[in-house]
Amino acid sequence: MNEVVRKINIDNRTIRLTKPDNYSFAECNKFLDRGYDDCLYTLEENRVLKPLKFHGKKTLISVSDDADNLVVEVLLGDLRRDELKKVGRFVSLWFDLERNLKPFYQLLNQDERLSYMVERYHGLRLMGIPDLFEAMCWCVIGQQINLSFAHSVKRQLVEKYGSYLKYEGQRHYLFPKPEILAGLSVEALRELQFSRRKAEYTIGIARQFAEGMLSKSALVEMENTEQMLSTLLDVRGVGPWTANYVLMKSLQRPDCITYGDTGLQSSLSALLGLDRKPTSEEVESFFDPFSGWESYLNIYLWRSLH
DNA sequence: CCCCAGGGCCATA
DNA sequence: TATGGCCATGGG
């Protein structure tokens, strides 16, 4: 699926990615603009700014759209043509442009409890976190705490240990490198309101990345989601929720369910008319008709919460 | 002051 | 194998 790179049109510092069918820039941006203080991108009127790094070279991009394209502009950094292609590839992953949603919408239409989603959330895609290390740290931070506090902890971490680019007087932060976090003490992270456990998990994960024990490229090589899950579950601090979340958001795996997720559970309780959390069997059977589209059902159920 | 947030580890039986 | 306590803190 991700082998195919979208048709892109590179013109100096501008990259145009043709919009796929069933795509809505506004719906995707609504996800980015849920009212949380995210430090890794900046929303403006009609565009999103994000800093990126490609083997040591930093750049700042803006993403907006016109009638037919996502329009990516390079605001900072001199990039060669092949590097511009990588920028296009990043945005394509970030907005999940390569996926054909038609089969998913056909499945939604077959369930009268869900068919309303096809129109109401039309064109919403799985907004990714392409950096696996960042995705895993974000999961650890977010475990069992409310999202606004999680964002506050992430910001403290990023502002203290990340790097940044300056553009029009504003700082645009990049997530800290594994090598930096790998060398920290538990106490250093506790100062940033990490719990002791989460500090240990984060440092442990950073060490595995720094030493090459864990990498996105190694996971991508694997045959199926099952193998990737079992690799991730061996990491301390990674349980079923984190492993599935990461595979969905960072590797674009289509068949993941964030078991244990409170948002997922409450949306299913409402749909099934329960006054309690659904059991894991009830979750399984609900997802059963959506084989190969579990990740998308998962994010559309999240979307239905607000 | 209570409960619970986009969980997971660890001690106990 | 299963169950319950614990963690950090802010918001409802």
Side-chain angles (χ1 to χ4, degrees), chain A residues 28 30-41 121 124-129 131-132 134-160 175 184-208 214 229-251 253 256-271 274-281 283 286-287 294-306:
Chain A
C28 294
K30 208 173 289 175
F31 173 82
L32 296 176
D33 192 13
R34 288 170 299 162
Y36 296 113
D37 172 38
D38 200 300
C39 55
L40 296 175
Y41 57 82
Y121 311 141
L124 171 64
R125 283 171 185 261
L126 203 177
M127 295 299 293
I129 306 176
D131 179 345
L132 177 64
E134 175 195 326
M136 291 182 73
C137 292
W138 172 233
C139 281
V140 168
I141 290 171
Q143 287 167 4
Q144 187 58 20
I145 58 176
N146 64 66
L147 274 175
S148 42
F149 179 49
H151 281 89
S152 149
V153 172
K154 181 168 84 165
R155 178 175 284 282
Q156 294 181 68
L157 178 73
V158 168
E159 291 189 349
K160 180 131 188 176
F175 196 78
L184 297 181
S185 65
V186 169
E187 289 67 32
L189 287 181
R190 294 207 60 189
E191 286 176 19
L192 311 183
Q193 297 182 292
F194 279 67
S195 66
R196 172 167 295 280
R197 278 277 157 72
K198 287 185 180 183
E200 292 170 4
Y201 301 161
T202 302
I203 293 165
I205 289 168
R207 285 189 180 150
Q208 293 208 43
L214 204 52
L229 281 174
S230 99
T231 302
L232 288 169
L233 288 170
D234 284 341
V235 179
R236 185 162 177 262
V238 176
W241 179 83
T242 299
N244 280 284
Y245 184 99
V246 157
L247 288 182
M248 172 186 312
K249 300 278 281 189
S250 194
L251 284 89
R253 298 300 300 172
C256 297
I257 302 172
T258 54
Y259 294 102
D261 182 90
T262 52
L264 181 62
Q265 289 173 336
S266 66
S267 69
L268 282 185
S269 296
L271 270 171
L274 305 173
D275 56 356
R276 51 169 175 78
K277 289 182 188 172
T279 64
S280 56
E281 289 77 18
V283 177
F286 189 86
F287 275 81
E294 290 90 342
S295 302
Y296 258 83
L297 180 56
N298 205 124
I299 68 157
Y300 272 63
L301 289 171
W302 275 333
R303 177 67 179 82
S304 72
L305 289 170
H306 47 87

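We name chains A, B, ... by the order of the sequence lines, and we start the count at 1 in each one. Here the structure is a predicted model, which is why all the values come from computation and not from measurement.
Within 4.0 Å of A:Val238, counting heavy atoms only, lie sugar-phosphate atoms of the nucleic acid but no base atom. Among the heavy atoms of the strands, none lies under 4.0 Å from A:Ser152. Among the atoms of the strands shown, only primed sugar atoms or phosphate atoms (P, OP1, OP2) are found under 4.0 Å from some heavy atom of A:Thr262.
A heavy-atom distance below 4.5 Å is found between the side chains of A:Ile145 and A:Lys198. Contact annotation: the side chain of A:Ser267 never approaches that of A:Trp302 to less than 4.5 Å [non-hydrogen atoms, C-beta and beyond]. Put simply, the side chain of A:Asp38 does not reach to within 4.5 Å of the side chain of A:Leu32, judged on heavy atoms. Between A:Leu189 and A:Leu157, some side-chain heavy-atom pair lies under the 4.5 Å cut-off. At least one side-chain heavy atom of A:Leu264 sits less than 4.5 Å from a side-chain heavy atom of A:Ile257. The closest side-chain heavy-atom distance from A:Glu134 to A:Leu40 is below 4.5 Å.
Atom NE2 of A:His151 and atom P of C:dG11 are 14 Å apart (whole Å). Rounded to whole angstrom, the span from the CG atom of A:Asp37 across to the C1' atom of C:dG11 amounts to 16 Å. To the nearest angstrom, C1' of C:dG11 lies 12 Å from CZ of A:Phe149. In this structure, A:Leu192 places its CG atom 19 Å from P of C:dC7, rounding to the nearest Å. Between the CD atom of A:Gln265 and the C1' atom of B:dG7 there is a distance of 11 Å, rounded to whole Å. Distance, A:Tyr201 OH to C:dC7 C1': 9 Å, rounded to whole Å. Summarising the geometry, the separation between CG on A:Leu305 and P on B:dA5 is reported as 11 Å, rounded to the nearest angstrom. One interatomic measurement links the two molecules: OH of A:Tyr259 to C1' of B:dG8, which rounds to 17 Å at whole-angstrom precision.
Looking at the side chain of A:Thr242, the nearest of the listed nucleotides C:dG10, B:dC9, B:dG7 is B:dG7.
Put simply, A:Ser148 has no side-chain N or O that comes within less than 4.0 Å of OP1 or OP2 on B:dA5. In this model, the phosphate group of B:dC10 is approached by a side-chain N or O of A:Arg236 to a distance below 4.0 Å at OP1 or OP2.
Within the cation-pi definition used here (under 6.0 Å to the ring centroid, within 45° of the axis), A:Arg197 does not qualify as a partner of A:Tyr201.
Residues from residues 135-146 of chain A with heavy atoms under 4.0 angstrom of DNA chain B, sorted by number: A:Gly142, A:Gln143, A:Gln144, A:Ile145, A:Asn146.
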**Request:** Test A:Leu301 against A:Leu271 for side chain to side chain contact (heavy atoms under 4.5 Å, CB included), laying out the working first.
**Result:** CA-CA 10 Å; A:Leu301 289 171; A:Leu271 270 171; 3.5 Å; yes

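Atoms CH2 and CD1, on A:Trp138 and A:Ile129 in that order, are 8.0 Å from each other to the nearest 0.5 Å.
In this structure, A:Trp302 and A:Glu200 both approach DNA chain B, and ranking their closest nucleotides by distance from the 5' end singles out A:Trp302.
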**Complete:** Symbol by symbol from the 5' end, with Watson-Crick or G-U pairs under 3.5 Å, [ ] crossing and | another strand, DNA chain C is |||||||.||||

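Considering every non-hydrogen atom in both A:Met127 and A:Cys28, the closest pair reads SD-CB, 3.7 Å.
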